[in-house]
Amino acid sequence: MSDYKKKHLTKAQDAVRCHVCENPLQVLQEHCKVCFKHFCKACFSKHLSDNSKTHNCPKHSSNIIENHCEQCDSPICAICASSKQHRGHTIISILENYVKKKKVVEKELTELEKLLYPKYQEIAANILVQKANLNENSKQVLKAIDKHGEDLHRKIDSIIKKLKADLDEMNSKHLAVLKKQEDEIKRRISEIIQSMKNLKKIESGEFKLISSFKSGNAEFREMPFDQNVSLPMFIPNRINKKQLYSLIGFLSDHTTKYAGAQSLRQVSPQKDEPRVIAEIRTEYNDANELRSISCRDDGDFWAGGSDNIMRLYNLQGEMIKSIQTLSREMPFAIVITRSGYLAYTDKNDRTVNIVKETRIETAIILRGWRPLDLCSTSSDGLLVIMESDDYKQTKIARYCGSTEKQIIQFDDKGEPLYSPSGFSKNISENINLDICVSDYKARAVVVVNQAGKLRFTYTGPSYTTARGPFNPKGITTDSKGWILTADPNNRCIHILDQDGQFLRYINNCDLQDPSSLSVDSRDNLFVAQCSTGTVKKIQYHF
């Protein structure tokens, strides 16, 4: 048997031994009430004199600590226990405190060993599994993206191939026409050459030949039709990044919460209520009402009001730039085009104008009609809603540059799509190329497709707690195809999907007289408050 085992076996057989010298204790033994250990008399004296051990009360150095104050959670002597400082406190013996604390230690150790440590090990193991799953999932998602990209490339290649085939077909038709014309011309030229030879013979011939000559140039004077072939042209549409994303798809990020963590930490629910993330004060007010705004991709926005100055603001409310209208009259509506230029309607002089750097160009001049609102199209054209001079008619015109391409005014039954004018009307093109109009007088949002066919009319949700009638003003659309329109009477924004289904209100942002709306590249909504001149930037997508 080893010395170690012998030594401890001997200890187990002994009743009590000194903690220091390990000699068996007989009658003369000492017990330290602070350390809860047994000593022989010689070792006990040394133990009490050891300054590294805390036996004496720090306030009453001659007294040994025998008690514990539960309220103060501190060891005390008998004098401290009877003092005013601990009057009314629960005083227990230091041994009793030791037993209680030992039970707490045992309980916490059990909790760590039996519950918390295994739980953390489980979470750690789960994280490793999730990391492996994330890696494998990323590979699968990348494959899906690559496959979708290849499918898109094939479709694009197919479209390009079809365009090239169409071009070859056009060229073949035009070449056939030109070949036919060329053959006819060559035949005529050959006949003219022969006729010239014959005339030269007659000219130098006898009197009889000349006298009997009959003119044949009448046939040649009738020129064959000179058909000018129109050269095929490729007119590319401007590539719209937002529309590309909507066609390609998007990544969904569903965060997985490990269930075991719920017992360790309370998880707060995610809030999805719209919220104001910026409020910008401008120079506009009730005397110079803020009538129209339009966002740039960088977060700045142009604003137009009742005066003749258009102003560019940043999110801090600082005016970066200002431009006076060409006619010195009020800009009725403004918009940022796909090319990044500022365009505005001038109702008084019946024009639509485009600001390029510091130069203003008049793009459209109307006769008998006055422009109201306008929007930029996916092909970088313009849609302009306008009223007749007699205020009896309203129509939309599509423009490519200064050229009118389409008129939208009546439905399939020949009835007007829009109310007679004299009231606010705003326009926006959706990502599916629908044309959305908020018609204040008609109390409706009217949506037609790209060809001008009526898709639906929205007059408010079937259920409502409205305080006033629905008279929509500003209107805009976002990257999801949602339609947002301002309801100043009820101080809110209505949100519809692209098929006209009501989704929700934005009615918790303390809106005051909301009028013009604009959405930035991150789908943040900018709301112009007409009478106060402030613009609120609202986050409503989560």
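These numbers were taken from a predicted model, which means no experiment stands behind them. Numbering starts at 1 and runs along the sequence shown. In what follows, every heavy atom counts, from backbone to side chain, and hydrogens, waters and symmetry copies are set aside.
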What's the shortest heavy-atom distance between [X] and [Y], and which atoms?
| X | Y | result |
| --- | --- | --- |
| N288 | G305 | OD1-C, 3.8 Å |
| L326 | Y344 | N-OH, 3.0 Å |
| C295 | I336 | O-CG1, 3.6 Å |
| D439 | S419 | OD1-OG, 2.7 Å |
| L374 | A333 | CD2-O, 3.8 Å |
| S292 | I334 | OG-N, 3.1 Å |

Check whether any side-chain N or O of [X] sits under 3.5 Å from a backbone N or O of [Y] as a donor-acceptor pair, and report yes or no.
| X | Y | answer |
| --- | --- | --- |
| T337 | S376 | no |
| N430 | L433 | no |
| N308 | R328 | yes |
| Q450 | D434 | no |
| E361 | N353 | no |
| S438 | K473 | yes |
| T485 | H494 | no |
| S172 | D168 | yes |
| T325 | M330 | no |
| T282 | G533 | yes |

> From N348 CG over to T345 OG1, what is the distance, rounded to the nearest 0.5 angstrom?
Replying inline: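 Interatomic distance, N348 CG to T345 OG1, rounded to 0.5 Å: 10.0 Å.
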> Atom CG of L342 and atom CG of L312: how far apart are they, to the nearest 0.5 Å?
Replying inline: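 That separation rounds to 9.0 Å.
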>> Apply salt bridge (Lys or Arg N to Asp or Glu O under 4.0 Å) to residues E273 and R504 and explain how you reach the verdict.
In response: CA-CA 10 Å; E273 288 295 313; R504 68 170 303 157; 3.4 Å; yes
Can we say [X] and [Y] salt-bridge, meaning some charged N sits less than 4.0 Å from an Asp/Glu carboxylate O?
| X | Y | answer |
| --- | --- | --- |
| R398 | E404 | no |
| R187 | E182 | no |
| D499 | R455 | yes |
| K347 | E387 | yes |
| D487 | R491 | no |
| R296 | D520 | no |
| E279 | K537 | no |
| K147 | D151 | yes |
| K425 | D373 | no |

Could you tell me if the side chain of [Y] sits less than 4.5 Å from the side chain of [X], heavy atoms only?
| X | Y | result |
| --- | --- | --- |
| I280 | L315 | yes |
| I506 | I495 | yes |
| L484 | D478 | yes |
| K321 | W302 | yes |
| Q393 | P416 | no |
| K356 | I354 | yes |
| V437 | N426 | no |

> With I435, which of I427, I385, T377 fulfils side chain to side chain contact (heavy atoms under 4.5 Å, CB included)?
Replying inline: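 Exactly one candidate clears the test, I427.
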>> If you count every heavy atom of other residues, nucleotides or ligands that lies below 6.0 Å from Y341 atom OH, does the total exceed 12?
In response: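 Not more than 12 within 6.0 Å, no.
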> Between R291 and Y284, is NZ or CZ placed under 6.0 angstrom from the six-membered ring centre and within 45° of the ring axis?
Replying inline: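 So R291 doesn't make the cation-pi contact.
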What I want to check is whether the side chains of [X] and [Y] have a donor and an acceptor closer together than 3.5 Å.
| X | Y | result |
| --- | --- | --- |
| E169 | N171 | no |
| T351 | D346 | no |
| E318 | N314 | yes |

> Which is it for Q181 and D183 under the side-chain hydrogen bond (donor to acceptor under 3.5 Å, both in side chains) test, yes or no, and what are the steps along the way?
Replying inline: CA-CA 6 Å; Q181 188 176 357; D183 291 344; over 6 Å; no
> Should K161 and D157 be marked as a salt bridge (Lys or Arg N to Asp or Glu O under 4.0 Å) after you check the CA-CA gap, both sets of side-chain angles, and the distance that decides it?
Replying inline: CA-CA 6 Å; K161 187 177 180 180; D157 289 342; over 6 Å; no
> Passes salt bridge (Lys or Arg N to Asp or Glu O under 4.0 Å), D523 versus K480? Steps please.
Replying inline: CA-CA 9 Å; D523 279 343; K480 288 189 175 181; over 6 Å; no
